[in-house]
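Only a predicted model underlies this, so the values are computations on that prediction, with no experimental measurement involved.
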Amino acid sequence: MGLDFIDNAVTRHEVIGTVRLSADQVFASLAEHPERWPAWFGIARTAWYEGGPPFGEGTIRYLRLRGGVVARERILVWDRSAGVFAYRVEETNAPGVSAMLERWTVHGLSRDRVRVGWLIAIDATAPVRTLVRWRRPIDGLFHRAMRRLEEQAGRRRT
């Protein structure tokens with residue numbers, strides 16, 4: 001499964017927001033520092049890359065989420081200049097998920113303001129598809145994560 005899955009998935013959901021950070025700060029938080037995800041992405045408990053650097057396309061990331069969900073993901077796109085970070089779920093214990101891909105986009109609007117997009121493409125059982133299509137929880141998770149990302153970056157600057 002490659003990026004074309006985005007166009008072929010049974011269910012897709014995308015949410016977009018802005019943050020007062022630089023594109024480099026956002027991309028670094030998304031791609032370069034998985035260990036920081038729990039500080040800003042509310043459902044993440046731990047995240048790490050397999051092996052040692054350099055990390056990039058093809059790298060495996062492990063993620064543990066609230067509720068005991070575990071995922072092994074493969075990075076498909078790691079393109080700082082284009083502002084794209086995408087990965088597919090290779091293995092998960094999440095019930096009902098048969099295929100899943102996520103793509104983050106980072107587009108600088110100014111020196112310290114960025115538009116961030118999060119797209120989830122998924123093939124899953126009907127109950128899981130319904131959860132993904134229900135905008136309020138996914139959108140809320142994203143917007144809270146973006147606020148926390150700004151807060152975390154602010155703390156690192158001081």
Side-chain angles (χ1 to χ4, degrees), residues 1-9 11-66 69-90 92 99-122 131-158:
M1 172 179 63
L3 282 180
D4 59 333
F5 180 70
I6 290 171
D7 298 321
N8 302 318
T11 302
R12 294 174 1 139
H13 179 82
E14 185 169 22
V15 59
I16 297 170
T18 59
V19 293
R20 293 207 171 277
L21 297 169
S22 72
D24 281 344
Q25 287 174 300
V26 175
F27 194 86
S29 293
L30 288 170
E32 296 169 7
H33 299 287
E35 73 280 0
R36 293 182 186 166
W37 276 57
W40 62 269
F41 196 70
I43 61 172
R45 293 298 172 244
T46 58
W48 68 95
Y49 287 130
E50 180 178 83
F55 303 117
E57 293 174 6
T59 297
I60 299 295
R61 180 175 74 171
Y62 293 91
L63 185 66
R64 293 184 189 278
L65 302 175
R66 187 175 38 190
V69 172
V70 179
R72 179 179 176 267
E73 304 164 330
R74 180 174 307 276
I75 308 304
L76 299 178
V77 179
W78 181 307
D79 189 337
R80 178 185 286 277
S81 63
V84 180
F85 180 64
Y87 46 88
R88 72 171 172 243
V89 174
E90 301 272 305
T92 185
M100 185 171 176
L101 186 145
E102 296 180 46
R103 180 186 69 199
W104 292 82
T105 55
V106 179
H107 176 73
L109 300 173
S110 67
R111 185 179 57 75
D112 65 348
R113 190 164 168 261
V114 178
R115 184 175 65 231
V116 180
W118 180 35
L119 182 136
I120 302 168
I122 190 167
L131 285 174
V132 172
R133 286 183 184 134
W134 193 29
R135 297 191 74 84
R136 179 174 278 162
I138 302 281
D139 291 5
L141 173 67
F142 172 82
H143 291 296
R144 283 188 303 277
M146 293 300 98
R147 280 193 306 275
R148 286 188 192 117
L149 186 61
E150 284 179 331
E151 292 167 5
Q152 292 299 315
R155 287 185 195 129
R156 280 193 298 277
R157 280 182 268 188
T158 57

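Applying the salt bridge (charged side-chain N to carboxylate O under 4.0 Å, His left out) test to Asp24 and every residue at least two apart in sequence or in another chain returns Arg80. Looking at residues two or more places apart in sequence or on another chain, you find a side chain to side chain contact (heavy atoms under 4.5 Å, CB included) between Val70 and Arg64, Asn93. Residues passing the ring-ring contact (aromatic ring centres under 6.0 Å, His included) test with Phe5: none are found, sequence neighbours excluded. By the side chain to side chain contact (heavy atoms under 4.5 Å, CB included) test, Glu35 pairs with His33, sequence neighbours left out. Checked against side chain to side chain donor-acceptor pair (under 3.5 Å), Ser22 has the following partners two or more places apart in sequence or in another chain: Gln25. Listed by chain and number, the residues in a side chain to side chain donor-acceptor pair (under 3.5 Å) with Glu57 amount to none (sequence neighbours excluded). Among residues two or more places apart in sequence or in another chain, the side chain to side chain contact (heavy atoms under 4.5 Å, CB included) test is passed with Arg12 by Ile6, Asp7, Ala9, Leu119, Ala121. With sequence neighbours excluded, no residue forms a side chain to side chain donor-acceptor pair (under 3.5 Å) with Asn8. For Arg103, there are no side chain to side chain donor-acceptor pair (under 3.5 Å) partners, not counting sequence neighbours. When the side chain to side chain contact (heavy atoms under 4.5 Å, CB included) test is applied to Asp112, the partners found at least two apart in sequence or on another chain are Ser110. Every residue meeting the ring-ring contact (aromatic ring centres under 6.0 Å, His included) condition with Trp40, not counting sequence neighbours, appears here in chain and number order: Trp37.
The CG atom of Leu63 sits 7.5 Å away from atom CD1 of Ile43, with the distance rounded to the nearest 0.5 Å.
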query: Checking side chain to side chain contact (heavy atoms under 4.5 Å, CB included) for the pair Leu141/Phe41: CA distance, chi angles, key distance, verdict?
result: CA-CA 8 Å; Leu141 173 67; Phe41 196 70; 3.9 Å; yes

| said: As a quick check of understanding, evaluate salt bridge (charged side-chain N to carboxylate O under 4.0 Å, His left out) for Glu150 and Arg20, giving each step before the final call. | reply: CA-CA 7 Å; Glu150 284 179 331; Arg20 293 207 171 277; 5.9 Å; no

Output side-chain donor-acceptor pairs under 3.5 Å for residues 44-55, partner residues at least two apart or in another chain, one line each.
unit_1	atom_1	unit_2	atom_2	d
Arg45	NH1	Gly42	O	3.3
Tyr49	OH	Ala31	O	2.5
Glu50	OE2	Tyr62	OH	2.8

